[in-house]
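What follows is a short report on a single structure.
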Amino acid sequence: MTRDDDRLPLDSRTQAVIDGLPPDEREHLQILMKKAARHQRTMLEKALDEAVGMVPAPLRKRVQKLFLGSS
Amino acid sequence: MRNPAIQAELVKLARVLQTEISELEHLDYLEAERLRTLREGITEALFEKFRSTFTGFARLSSMLPLAISARISERVLGPTLSGRIAGEMPPEKAIDLAARLSDSFLADTCLHIDPVRAKPIIAGFPVDRAIAITRLLLERGEMITMGRFVDVLPQQTLFAATDAIEDESDLLKIGFFVENSAQLDRVIEHLDTRRREAIVTAAAAEGLWPEVIATLLRIGQTSRLAMAELAMAQEAAILDSLIRAATEDDLWPALLQIADEMPSSVIGTLAHEPAFAEAAVVRSVIDSVIANDLWTRFRNQTPSMGATRLARVLEVAADERKPFLWELDRRLHEGDSDLAALREASAQLPPATRARAHNACANGLLAATLAADA
């Protein structure tokens with residue numbers, strides 16, 4: 001997994017709702033969304049490390065290939 | 001007016017964002033539909049952003065023996081990630097894996113599953129296991145999560161789960177969060193009269209009328225009329241609680257809509273209750289009619305209210321809501337079905353009240369009626 005920014009790829013309907021919020025509310029929601037994305041990324045990175053460690057050794061290389069290119 | 005639909009959406013959004021509901025309470029002025037768009041969009045984006053990793057974990061579970069996959073789920077992924085990965089797994093594999101996981105872990109995982117994405121898994125999930133998880137979610141008060149699952153449950157599981165929920169107020173609370181109205185219709189058809197009556201009693205006892213009325217408006221007409229008829233046949237204390245809830249939470253638009261569909265008169269039945277004569281109740285009806293432009297629906301109901309209660313409406317309006325009389329007078333035409341009822345009610349008013357009511361009118365038929373009686 002590479003650590004790119006934590007912006008979420010929102011669809012146009014969701015973006016329209018967010019754009020319609022007052023600036024301070026929009027900013028607060030954007031902070032919460034980034035926090036959620038960051039939290040999920042951290043959980044997935046940690047889970048991946050631990051999961052690979054639990055996989056039987058002969059399968060580890062194949063498992064690592066499964067996650068190549070993961071965000 | 002409290003709006004449980006908005007509250008429910010905020011709870012669901014807080015869960016998606018892994019935050020406290022207090023962080024989102026400033027959004028409580030948004031309509032439930034907009035909050036739902038927000039919640040669904042953010043859910044999808046959080047999934048889409050990490051799709052390849054979720055898919056990787058889903059494929060990993062296909063490569064490994066079930067025992068190891070189950071260990072990874074419970075010890076490493078936890079309920080949040082397991083819930084998000086579940087929808088990416090082949091349904092048979094997910095069901096086999098679930099057989100190795102504890103009820104408690106699966107109940108936790110349900111909070112994070114998107115039931116729509118996981119529908120093929122839910123369709124093939126063993127009924128007895130589903131009931132065990134239903135009971136756990138019920139113990140934990142997870143009505144919102146249960147409501148989301150009802151949307152996609154196959155009929156056999158839906159009915160078994162309904163039977164497993166013994167307290168009708170729980171059924172009511174869950175039903176409020178169900179979005180698929182066809183599933184609600186199925187549940188109502190499945191319930192016998194005793195359980196339907198218990199739902200009405202629970203609504204009165206626990207102050208859940210706004211939830212009941214909101215749910216009634218979303219279900220099919222046959223189920224709605226059956227439940228409404230049943231409610232109207234209940235004892236005075238229950239009808240009294242409905243009147244007070246309608247006054248407090250402005251349920252009159254919904255009640256008038258339901259009343260318009262029913263062969264018997266909802267408003268007529270409620271009007272015979274003593275509470276309907278209270279000035280605060282009458283004011284709330286009048287205010288709702290004016291604010292929501294419910295003139296046609298209200299006037300359809302006036303003949304069944306009885307002359308005494310209609311006279312009370314005229315009296316309260318003459319004292320405190322004069323614009324109501326002016327507008328009613330302006331709208332009345334010869335041959336209207338409520339004209340005779342208004343004449344009968346007018347005849348019951350004391351002369352001084354009649355004079356006040358007359359003074360509030362335009363120069364229409366109501367004014368003429370009030371003048372003739374004077």
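It should be emphasised that the depicted structure is a prediction, and the values quoted were computed from it without experimental measurement. Throughout, a chain's letter reflects where its sequence line sits, starting with A, and its residues are numbered from 1. We use all heavy atoms of the structure for the numbers below, so side chains are in, but hydrogens, waters and symmetry mates are not.
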With a cut-off of 6.0 Å (strictly less than), are more than 12 heavy atoms of other residues, nucleotides or ligands near CZ of A:Arg62? no

Return the minimal non-hydrogen interatomic distance between A:Ala37 and B:Phe50, and the atom names on each side. O-CZ, 3.4 Å

Criterion side chain to side chain contact (heavy atoms under 4.5 Å, CB included) on B:Arg59 and A:Phe67, from CA distance to verdict: CA-CA 10 Å; B:Arg59 287 166 62 196; A:Phe67 291 93; over 6 Å; no

Hey, what do you get for CG (B:Leu17) to NE2 (A:His39), rounding to the nearest 0.5 Å? 11.5 Å

Scanning both residues in full, the closest heavy-atom pair of B:Arg34 with A:Val17 reads O-CG1, 4.1 Å

Ring pair (Phe, Tyr, Trp, His ring centres under 6.0 Å) involving B:Phe54 - partner list, sequence neighbours excluded: B:Phe47

If you look at every heavy atom in A:Leu10 and B:Gly41, which pair is closest and at what distance? CD2-O, 4.0 Å

Ignoring hydrogens, what is the shortest heavy-atom contact between B:Phe57 and A:Ala51? Give both atom names and the distance. CE2-CB, 3.9 Å

Residue pair A:Ala47 / B:Val76: nearest heavy atoms and the distance that separates them: O-CG1, 3.2 Å

Is the side chain of B:Lys49 donor-acceptor paired with the backbone N or O of A:Asp6 at a distance under 3.5 Å, no angle test? no

What part of B:Leu81 gets closer than 4.5 Å to chain A, counting heavy atoms only: side chain, backbone, both or neither? side chain

Is the side chain of A:Gln40 donor-acceptor paired with the backbone N or O of B:Leu46 at a distance under 3.5 Å, no angle test? yes

Which answer fits B:Thr37, side chain, backbone, both or neither, if we ask what part of it has an atom under 4.5 Å from a heavy atom of chain A? both

What closest approach, in Å, do A:Leu66 and B:Gly56 show between heavy atoms, and which atom pair accounts for it? CD1-O, 3.7 Å

Sub-3.5 Å donor-acceptor pair from the side chain of A:His28 to the main-chain atoms of B:Glu23, do we have one? yes

Top residue by heavy-atom pair count (under 4.5 Å) with chain A, among B:Leu77, B:Val16, B:Thr55, B:Leu60? B:Leu60

